[in-house]
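Order of listing sets the numbers, starting from 1, for every ligand and every atom in it.
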Amino acid sequence: MKLWGGRFQKETDKIMNSFNSSISFDYRLYEEDIVGSMAHAKMLCSIGILNEQELEAIINGLNEILEGIKNGEVELSEAAEDIHMNVETLLTAKIGEVGKKLHTGRSRNDQVALDLRMYLKKEVLNLKKLIVKLEKVIFTLGRENMHTIMPGYTHLQKAQPINFCHHLLAYAEMFKRDYERLTDCYKRMDYMPLGSGALATTTYNLDRYMVMELLGFSDVTLNSLDGVSDRDFAIELNSCLSLIAMHLSRFSEEIILWCTTEFGYIELDDAYSTGSSIMPQKKNPDVAELVRGKCGRVYGNLITLLTMMKGLPLAYNKDMQEDKEAIFDSVDNVKICLEIFANMLATIKVNKDRMRKSAGEGFTNATDGADYLVKKGMPFRDAHEVMGKLVFYSIAKDKSLEELTIEEFKSFSSIFDEDIYDALDLSNCVERRRVIGGPSTSSLRIQLDELDAFIKKAE
Ligand code: ARG
């Protein structure tokens, strides 16, 4: 017999039962559902709807069910549809008639809106911790590589010399923003919807603020139709997750490039690489590839959620049951990606010589040559032209700029002097970029200090 069976004459069709049921995925909400029910029961007691003995029986019963589900003793049933009705059915089976009073002044519509908010709030905090863990790895690796010169790229063509620390700290900034976005998203999730009822609240004089306080929310939802019928908080979280996944995916792409023989900038630890079943020499960057790949499903879930909501009239519609698989999948995958990516990054071997050598190829110091001429009075556009010609000449001679003789330099402009070699020295090129945000030691110190402060504050 269904909890809602009174109005019905026939059994539910078998396929309808499994089609309609969400227990296979909303079982995850069991703790939030039970804790939420306890708060609801306490509030019902405080306004005289339950007496003390009834409350005690309900709380004890719910506690036992919670334990039972946790240690796998309690079986959840498809026929009971979802986690909410499973818990209620189990409670009544356990404590008898009193159990039937729990749902007074409540609907599954406000119940699921509550459970999902509670569950996602908890996961936002877990996600934030994982971002901090990744930031710590970036900090350590960055600090070890403040003088590891590498080429910076645009269009994946060598552009200007930077160092590995500078490159890594770019990602640190992205993940800092991701962290802030989660903080912000949490704020809008932190409204307690119970008391909205099915859509129009109830005629009982519910104390919503008491439930809010018991469950640690910062406020209550202000309109009952809105409280039960928006899922923007899940969608917002999924968009934050999409950005995290996108950042991880770009970083992964670089990891994949860097450990090719063509680049050879890093080597992955054996624990985070895989071999080939046929090619004995292979060491593949599967972690980074999977992280890059999983980004697609996180975007997909965002579109699922947005599309699910776009045509729904107020208030609750069953379409919204589809929210859970999508957001759970995004949360699960971004969590595992953050964790494994941090572990992989923490164990890479950096081939500093290879990075340095690569920065010395491809004329990454050509801009510095132009800046040298500018500082001696030549307009930048002319200096650009002189250096362009010098690069063209050097390619033909198969030399780097610093391998040219002073006579060769002078044949392009009389301004050149012996100090051009100092200007073209890669370490000097990096070190002289002292502007805030740049790769010089002094600029990196500021960036590292900020990152350190961020980590300390977050912990
Ligand atoms: N399992 C449902 C969900 O996830 C709970 C709410 C059901 N409400 C209803 N009126 N059928 O959305």
Can you tell me which residue pairs pass the side chain to side chain donor-acceptor pair (under 3.5 Å) test with a partner in residues 42-61, sequence neighbours excluded?
Glu54-Lys101

Write out each pair where an N or O from ligand 1 and one from the protein are under 3.5 Å apart, with the distance.
from	atom 1	to	atom 2	distance (Å)
ligand 1	1 (N)	Ser22	OG	3.3
ligand 1	1 (N)	Asp82	OD2	3.0
ligand 1	1 (N)	Gln321	OE1	2.7
ligand 1	4 (O)	Lys324	NZ	2.6
ligand 1	8 (N)	Asn109	OD1	2.8
ligand 1	10 (N)	Asn109	OD1	3.1
ligand 1	11 (N)	Arg108	NH2	3.4
ligand 1	12 (O)	Tyr316	OH	2.4

Distance-only check: which donor-acceptor pairs under 3.5 Å involve side-chain atoms of residues 266-279, not counting sequence neighbours?
from	atom 1	to	atom 2	distance (Å)
Glu267	OE1	Lys349	NZ	3.4
Glu267	OE2	Lys283	NZ	2.9
Asp269	OD2	Ala271	N	3.0
Asp270	OD1	Lys283	NZ	2.9
Ser273	OG	Asp269	O	2.6
Thr274	OG1	Asp286	OD1	2.7
Thr274	OG1	Asp286	OD2	2.9
Ser276	OG	Ile278	N	3.0
Ser276	OG	Met279	N	2.8

Side chains of residues 431-440: which donor-acceptor partners sit under 3.5 Å, not counting sequence neighbours?
from	atom 1	to	atom 2	distance (Å)
Glu431	OE1	Thr441	N	3.4
Glu431	OE1	Thr441	OG1	2.7
Glu431	OE2	Thr441	N	3.1
Glu431	OE2	Thr441	OG1	3.2
Arg432	NH1	Asp422	OD2	3.4
Arg432	NH2	Asp422	OD2	2.6
Arg433	NH1	Asp368	OD2	2.8
Arg433	NH1	Cys429	O	2.9
Ser440	OG	Arg433	O	3.3
Ser440	OG	Ser442	OG	3.1
Ser440	OG	Ser443	N	3.2
Ser440	OG	Ser443	OG	2.9

Look at the aromatic rings of Tyr171 and His167 and report parallel, tilted or perpendicular, splitting at 30° and 60°.
tilted

May I ask you to check if Arg28 and Phe328 form a cation-pi contact, with NZ or CZ under 6.0 angstrom from the six-membered ring centre and within 45° of the axis?
yes

For the pair Glu361 and Lys357, find out whether any cationic side-chain nitrogen is under 4.0 Å from an anionic carboxylate oxygen.
yes

